[in-house]
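Whatever order the structure lists ligands and atoms in, that order sets their numbers, starting from 1. Quick caveat, the model's predicted, so the values are computed rather than measured.
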Amino acid sequence: MLPFKLVYHEAYDLNLGAHVFPSQKYRLISDHLSSEGIALPDDFLCPEPASDADILRVHTPEWVNKLKTGTLTPNDIMKLEVPYSPELVNAFWLAAGGTIVAAETASLDGFGCNIGGGFHHAYPGHGEGFCAIHDVAVAIRKMQAEGIIRKAMVVDTDVHQGNGTAAIFAHDPTVFTLSIHQWNNYPALKPPSTVDLNMDDRTSDAEYLAALLPAVREALDKFHPDMLFYIGGADPYKEDQLGGLSLTINGLKTRDQSVFEEGRQRGIPIVTTLAGGYARQVADTVHIHVNTILAAKAAAEKFPRARARP
Ligand SMILES: [Zn+2]
């Protein structure tokens, strides 16, 4: 039994077939957590799709309408880089619903883990880079609207800069955005986050952690968020097909656990989402994401419960 809930829905799988985005990873992670005895059936919660009202706190009515009616232009689909289908739209609404549930449970349990989400390239009015709906932003806006939190922090460790997150919260003093990513990689245009840590090609575990952890500590001590949203990309891994950093599987686990411990020892509830992972071997991507859950468990056991304080 885990000391927090895992949020998962079988329809997170986008059934993209041979696409570089291995959307079957959500099922593989969930299966691995169960078959290895890391999680029991009662540890899982199954989300509902987010409501349109929840989505519309972040996204424009025009973009929501295009997605719901299947009227994306060829340019919209080219930017999104995944083929359009009604199942795809349902999966994005479910991912947003999942991150909302993870945030709700984090406010009670100190941690909430969505086995999905982290779609940080979605903008209010368009999607790109496999991301149509910004689940983390949707969850932050809902938690704020319900008075569960006032201030949120996003720590984004995907190898690609969190451009959608940066754009959505650009002029919002209630949301602190920190992104650590490979400078020489997608997205070409990187709107400024509150803090951007631009890593050189082939950055090692030690160099990466030496940049990330002091920045996270300083941000937490200055900003005092009521909730920390962690976007745990598996793609800084040295064997990633879309990444150019040189982190190891152990380095990535240390990354996750170190960030979680910084949050937990300050009493801040933490919501985790998965984001990208395109390792040559899908099993490596699954291993890295499973390790994020194990890191959360270790941090939760090391530091006592944290609750949201609005
Ligand atoms: Zn990525």
Check whether the side chains of [X] and [Y] place a donor and an acceptor atom closer than 3.5 Å, and report yes or no.
X: Thr194; Y: Thr177; value: yes
X: Asp196; Y: Trp183; value: no
X: His289; Y: Lys25; value: yes

Output the atom name for the N/O/S atom of Asp235 with the smallest distance to the Zn ion (ligand 1).
OD2
Quick check for you: with the Zn ion (ligand 1) as the vertex, what angle do OD2 of Asp158 and ND1 of His160 span, to 10°?
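About 150° at the Zn ion (ligand 1).
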Could you confirm whether His120 has any N/O/S atom lying under 2.8 Å from the Zn ion (ligand 1)?
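It does not: His120 brings no N, O or S atom closer than 2.8 Å to the Zn ion (ligand 1).
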Other residues, nucleotides and ligands only: do more than 12 of their heavy atoms fall within 6.0 Å of CG on Asp31?
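Check passes, neighbour count above 12.
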